[in-house]
Amino acid sequence: MVNTTTAAGLIGVVLLARHGDRTAYYQDPATYNSTQAYITPLGEQQEFELGSFLRNIYLNPDSPSFIQNISTDVADINQLAVRADAGGGNVILNSAYALLQGLYPSTQESEITLANGTTVLSPLGGYQYVPVQSLEYWQSPSLTSWMDCEYFQSHLNRTYASSAWLNMSATAAPFLTALKPYLGGVSNNFTNMWNIYDHINVQYTYNKTYYETLPPTFLQQARYYADWAQSNVFTDSASSSIGQVAIRTLLPEIFWALGNMTKTSNKVKMNIQEVDYKPFISLFNVTNATLTDPDIRGIPNYASVVALELSQDSQGQYEVSMKFKNGTEDSQFRQLEMFGNTSITFDKFVQVLFNTAINSTNNWCFSCNQTVLRGCSVFNYSSDIFLNGVGTGY
């Protein structure tokens, strides 16, 4: 299906944005539970630039992707819904704030006049304070659904024992042996590939001696193997399988946000979800986007963004298209295909992905075989759950 967005612009957009550059970050390869990490000035700048890019795409009346009737200079908080993972340090939450600084920069237009005639401008030259809903780890599994998910841990064990994993581990072994002197005590086991790459990347970015002594191509080789490993960890053979859990708990928010944008009573025109890298990998897999664009497999760069744009064709049909910008590597969006099409109707989008979605904490608890942590202890797991078809287990 050809994208039929007209010059009139978009109805709205849902954005999945990856955080910016951060300090070192360890993930347990047996569970993918993680340590805390903090955003760096480089990360803040990356997110600010992403916000400026999105401003030019969606808030510029001359852009073909201008969002109809959105406030362009002074942020209307009723038109924006922003949510960020608040766990694991400040990197994701502060990335959302930095993005918003670029999306709605300081402006003199926010000046107000008091009853006595005094004019007042917000600090920092008219800084705009856009609310961000911070979602703590314990509040909901929506943005961190792989954590404490027993069936996901079973998926990891199966993945690590698969012939594809063992073959790639054997292929990588000479490189990982050569890399050992540069790992500073980090395990060079292939299952630890994420932490290996992260250690190299952080050191290469901030340690001048390391930058000057790391052999050429080592960083690129580590990224290649990390991309391959994470593509296998956060995908699965079926869209409703637990390896896709990173996007499965986000789909209900996407459905809800896009669906509300089709209603005349709706005010929200831009929904922003600031997240880790994992939902990108799963989203591209469940929509079959990697079949036509295989190079998007793997870890998206810092400050990457996926845009799910909602438009209306000449017959009044609502359509969804997906675009991707891979951090600062891409200067513009690239159009992706979902299920072989550059755009599909909103109804078809929901229909195809509905059974993939995990739509409640109760559903997540059952899908993950979790009965105690993250609020699961309040649910009674009787045979009724199985009879009603709640959850998908593996």
Side-chain angles (χ1 to χ4, degrees), residues 14-19 25 27-37 83-89 91-93 96 133-159 194 230-257 271-287 299-300 306 308 353-379 381 385 390-394:
V14 174
L15 300 169
L16 271 60
R18 189 189 176 197
H19 60 78
Y25 175 72
Q27 297 187 109
D28 184 344
T31 62
Y32 274 79
N33 290 345
S34 58
T35 59
Q36 293 191 336
R83 189 171 69 156
D85 174 15
V91 58
I92 298 179
L93 181 58
Q133 178 192 4
S134 59
L135 193 64
E136 297 287 350
Y137 159 86
W138 51 265
Q139 289 179 302
S140 169
S142 177
L143 301 181
T144 53
S145 52
W146 57 92
M147 296 176 69
D148 295 324
C149 179
E150 291 189 8
Y151 282 157
F152 180 74
Q153 292 171 25
S154 299
H155 160 75
L156 288 174
N157 292 334
R158 290 193 303 274
T159 300
W194 160 263
Q230 296 307 285
S231 290
N232 282 266
V233 166
F234 289 100
T235 61
D236 217 322
S237 56
S239 63
S240 59
S241 296
I242 204 64
Q244 321 271 23
V245 71
I247 193 60
R248 292 179 62 195
T249 51
L250 259 172
L251 285 174
E253 174 72 17
I254 295 171
F255 295 161
W256 177 83
N271 181 295
I272 303 173
Q273 304 289 310
E274 192 82 29
V275 294
D276 199 351
Y277 69 90
K278 304 168 183 75
F280 288 78
I281 297 174
S282 301
L283 175 63
F284 294 154
N285 189 256
V286 300
T287 57
I299 305 163
V306 167
L308 293 163
L353 292 172
F354 184 79
N355 289 329
T356 300
I358 295 176
N359 56 23
S360 67
T361 298
N362 189 347
N363 196 178
W364 177 86
C365 295
F366 181 69
S367 297
C368 285
N369 194 35
Q370 178 57 258
T371 60
V372 178
L373 303 177
R374 308 194 77 171
C376 294
S377 61
V378 302
F379 301 113
Y381 291 98
I385 295 179
V390 179
T392 57
Y394 283 85

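Residues passing the ring-ring contact (aromatic ring centres under 6.0 Å, His included) test with Tyr32, sequence neighbours excluded: Phe234. Shown here are the side-chain hydrogen bond (donor to acceptor under 3.5 Å, both in side chains) partners of Thr249, two or more places apart in sequence or in another chain: Ser145. With sequence neighbours left out, the side-chain hydrogen bond (donor to acceptor under 3.5 Å, both in side chains) criterion links Asn369 to Glu150. Listed by chain and residue number, Tyr25 satisfy the side-chain hydrogen bond (donor to acceptor under 3.5 Å, both in side chains) test with Ser34 (two or more places apart in sequence, or in another chain). With sequence neighbours excluded, the residues that form a side chain to side chain contact (heavy atoms under 4.5 Å, CB included) with Glu253 are Arg83, Trp256, Asn271, Gln273.
Within the model, atoms OH of Tyr277 and OG of Ser282 stand 10.0 Å from one another, a figure rounded to the nearest 0.5 Å. The CD1 atom of Ile247 sits 9.0 Å away from atom OG1 of Thr287, with the distance rounded to the nearest 0.5 Å. In this structure, Thr371 OG1 and Phe366 CZ are separated by 12.0 Å, a value rounded to the nearest 0.5 Å. A distance of 10.0 Å separates OG1 of Thr144 from CD of Glu136, quoted to the nearest 0.5 Å. The line from OG of Ser134 to CD of Glu274 is 13.0 Å long, rounded to the nearest 0.5 Å. In this structure, Ser142 OG and Leu251 CG are separated by 10.0 Å, a value rounded to the nearest 0.5 Å.
Looking at heavy atoms from C-beta onward, Val233 lies out of side-chain contact with Gln27 at the 4.5 angstrom threshold. Side-chain contact check for Ile254 versus Leu353: every heavy-atom pair is 4.5 Å or farther apart. Residues Trp364 and Arg248 form no side-chain contact, since every pair of their non-hydrogen atoms from C-beta on lies 4.5 Å or further apart. Between Leu143 and Leu250, the closest side-chain pair of non-hydrogen atoms falls below 4.5 Å. In this structure the side chain of Ile242 reaches within 4.5 angstrom of the side chain of Cys368, judged on heavy atoms. Here the side chains of Pro29 and Leu156 are not in contact, with every heavy-atom distance at 4.5 Å or above.
Between Asn363 and Ala357, the closest heavy-atom pair is OD1-O, 4.2 Å.
Classification of the Phe284-Phe280 ring pair by plane angle, with boundaries at 30° and 60°, yields perpendicular.
Applying the side-chain hydrogen bond (donor to acceptor under 3.5 Å, both in side chains) test between Gln244 and each of Asp236, Asn285, Thr235 identifies Asn285 as the sole match.
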Go through the steps for Ser367 and Val245 under the test side-chain contact (heavy atoms from CB on, under 4.5 Å), then give the verdict.
CA-CA 9 Å; Ser367 297; Val245 71; over 6 Å; no
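Side chain of Gln370 to main chain of Val372: a donor-acceptor pair is present (N/O by atom type, distance under 3.5 Å, no hydrogens or angles). Between the side chain of Arg374 and the main chain of Cys149, no donor-acceptor pair closer than 3.5 Å is present.
Note on residues 275-284: pairs passing salt bridge (charged side-chain N to carboxylate O under 4.0 Å, His left out), not counting sequence neighbours, are Asp276-Lys278.
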